[in-house]
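Reviewing the structure listed below.
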Protein chains: 2
Amino acid sequence: MSGNAKSPAAVRTVAGKTRIQKENETRILRAALDVFSESGFHGATLDRIASEASMSKPNLLYYFKSKEEIHVALLTDLLDVWLAPLRAIRPDGNPVDEIGSYIRRKLDSSRSFPRESRLFANEILAGAPHIGDFLQTELKQLVEEKAAILQRWIDEGRMAPCDPRHLLFAIWSTTQHYADFSVQVRHVLGLGAGDKSYYDEAARMLDTLFLGQLISRPGSD
Amino acid sequence: MSGNAKSPAAVRTVAGKTRIQKENETRILRAALDVFSESGFHGATLDRIASEASMSKPNLLYYFKSKEEIHVALLTDLLDVWLAPLRAIRPDGNPVDEIGSYIRRKLDSSRSFPRESRLFANEILAGAPHIGDFLQTELKQLVEEKAAILQRWIDEGRMAPCDPRHLLFAIWSTTQHYADFSVQVRHVLGLGAGDKSYYDEAARMLDTLFLGQLISRPGSD
DNA sequence: GTCTATAATACGATAGAC
DNA sequence: GTCTATCGTATTATAGAC
């Protein structure tokens, strides 16, 4: 059928990987996301990853040459997903709709992919040793593109004058906070371990903060 | 003079520690803050801490029984400093002044103590294994106390209705972001390693966000 | 209090049989 | 592809001389 069907026993796909290869790589990456996001790169061990993947350590290292290679694979897979909400900002929309949607998408990411968020946070906190290039090139370029849109809205008087890039920082930090610092959020609010009920109130807060006027000044009514 | 002057050679202070003890402990803690904040708990090694403290590893372990004990000492020292800005919010002030001052103090903390901020972030991200109790008791209580003040301002119509605790989360995340994610901030802005010039623009952004109205709605002028 | 030497172990990675 | 066994190293911590 497809390209390289040399080895008789191993039925290969077009990607050159057998079904079992893909399954095992997926199992490893899933387990590694658990462990890396919970303990950071140095705190994670191949023993725990192998254990969570129900696989022996040497077998795990048959699929990925090193611990670092697993980590890089996770980060690389993550980046596209991570940037999707920002990419979705349209120049032909209006500030309230576009920024509002962006905040909702980012907050949904935080709620749905907290492990990915913490993996990313750990990497940045460690000085971005693996994705420094990505930050300086791809992310920087995307931010400049979207900041130009926001700047146009500012110039048109539809938003308060501010540095659009710092507005993006504020959106990133407030939304990701609920994933990265969830332990603190839950402890302060008195919630249990798996409780994510605070996300509804968080969404209201961020709407008020970014789309409304938080503080009434005398005579502004 | 003071309490226990038993040992002849070692001149002790009221705290029961010789001058050289205090000096060495300070040197160790300073070096440990560097290393822990840069590499996290598991990424840090006693070798590097000892080296940065210009001290042999066994000598370092003469002052602190274990790596964890150094880490806990740093976190404990940090907590009071960390909460000082929040404690300073006065009930008899007005929202703009009090929240504005709080944001400035938090942002100053971020700029002046980025290593402390990253140490804290690493601890939370790891699930707060050492300061979970603190978060659930002391921090929770303080937040409730200050949230009550904010709630009163809301009830008096001086602030938009919102969950005050989530407002505090937003202030924490936006201000600490500039320390914890400084690598990303600098890479996106195209700044060099030690460059902290973005803090001025950050202060303006946070003023606009928390104290002004970010987005003009039609007819609100 | 400070050092050298070293114990004890955890961990990443490999060798080689099957 | 998967396993058992193991190597080599990094790292925490201690022993014991000075």
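Owing to the predicted nature of the structure, the values given are computational and were not obtained by experimental measurement. Order of the sequence lines fixes the chain letters, A, B, ..., with proteins taken first and strands second; residue numbering starts at 1 for each chain. For the numbers below, each heavy atom of this structure counts, side chains included, while hydrogens, waters and symmetry mates do not.
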Worksheet item: Once you round it to whole Å, what is the distance between P of C:dG1 and NZ of B:Lys17?
Response: 11 Å
Worksheet item: A:Asn59 has a side chain; which of C:dA13, D:dT2, D:dA13 sits nearest to it?
Response: D:dT2
Practice prompt. Look at the side chain of B:Asn24 and decide which nucleotide, out of C:dT2, C:dC3, D:dG1, has an atom nearest to it.
Written response: C:dT2
Fill in: Distance in angstrom units between B:Arg48 CZ and D:dT12 C1', rounded
16 Å
Discussion item. If the cut-off is 4.0 Å, is B:Thr18 near the phosphate of C:dG1, judged by side-chain N/O to OP1 or OP2?
Written reply: yes
Response to the item:
Quick note, B:Leu46 side chain, CB onward, closest among C:dT4, D:dT12, C:dT14 is D:dT12
Worksheet entry | Nearest-angstrom distance from the residue atom CZ of A:Phe64 to P of D:dG1 | 13 Å
Worksheet item: Where the side chain of B:Leu61 is concerned, which of D:dT14, C:dT2, D:dG1 is the nearest nucleotide?
Response: D:dT14
Worksheet item: Taking atom CG of B:Asp195 as the centre, does the number of heavy atoms from other residues, nucleotides or ligands within less than 6.0 Å exceed 12?
Response: yes
Worksheet entry | Nucleotide C:dG1, atom P - distance to NZ of B:Lys22 in whole Å | 13 Å
Practice prompt. Look at the side chain of B:Tyr62 and decide which nucleotide, out of C:dG1, D:dT12, D:dA13, has an atom nearest to it.
Written response: C:dG1
Item to complete: For A:Arg87, look at atom CZ and say whether over 12 heavy atoms of other residues, nucleotides or ligands are found less than 6.0 Å away.
Response: yes
Practice prompt. Please name the pair of heavy atoms, one in A:Ala73 and one in A:Leu29, separated by the smallest distance, quoted to 0.1 Å.
Written response: CB-CD2, 4.1 Å
Practice prompt. Report the nucleotide, chosen from C:dG1, D:dA13, D:dG1, that has the shortest atom-to-atom distance to any side-chain atom of A:Tyr63.
Written response: D:dG1
Worksheet item: Of the nucleotides C:dG1, C:dC11, C:dA13, which one has an atom closest to the side chain of A:Thr45?
Response: C:dC11
Fill in: d(CG, A:Asp47; C1', D:dT6) in whole Å
14 Å
Practice prompt. Specify the separation, in whole Å, of atom NE2 of B:His42 and atom C1' of D:dT11.
Written response: 13 Å
Item to complete: Give a yes/no on whether any side-chain N or O of B:Ser56 is located under 4.0 angstrom from OP1 or OP2 of C:dC3.
Response: yes
Discussion item. Please confirm whether the ring centroid of B:Tyr178 lies under 6.0 Å from the ring centroid of A:His166.
Written reply: yes
Item to complete: Would you mind classifying the nucleic acid contact of B:Ala50 as base, sugar-phosphate or nothing, using non-hydrogen atoms under 4.0 angstrom?
Response: nothing
Response to the item:
From the candidates C:dG12, D:dA13, C:dC3, the one with an atom nearest any side-chain atom of A:Lys57 is C:dG12
Practice prompt. Kindly check if the number of other-residue, nucleotide or ligand heavy atoms within 6.0 Å of CD (A:Gln141) is above 12?
Written response: no
Worksheet item: Atom CD of A:Glu68 to atom C1' of C:dA13: distance rounded to whole Å?
Response: 14 Å
Item to complete: Could you check how far NZ of B:Lys65 sits from P of D:dT14, rounded to whole Å?
Response: 10 Å
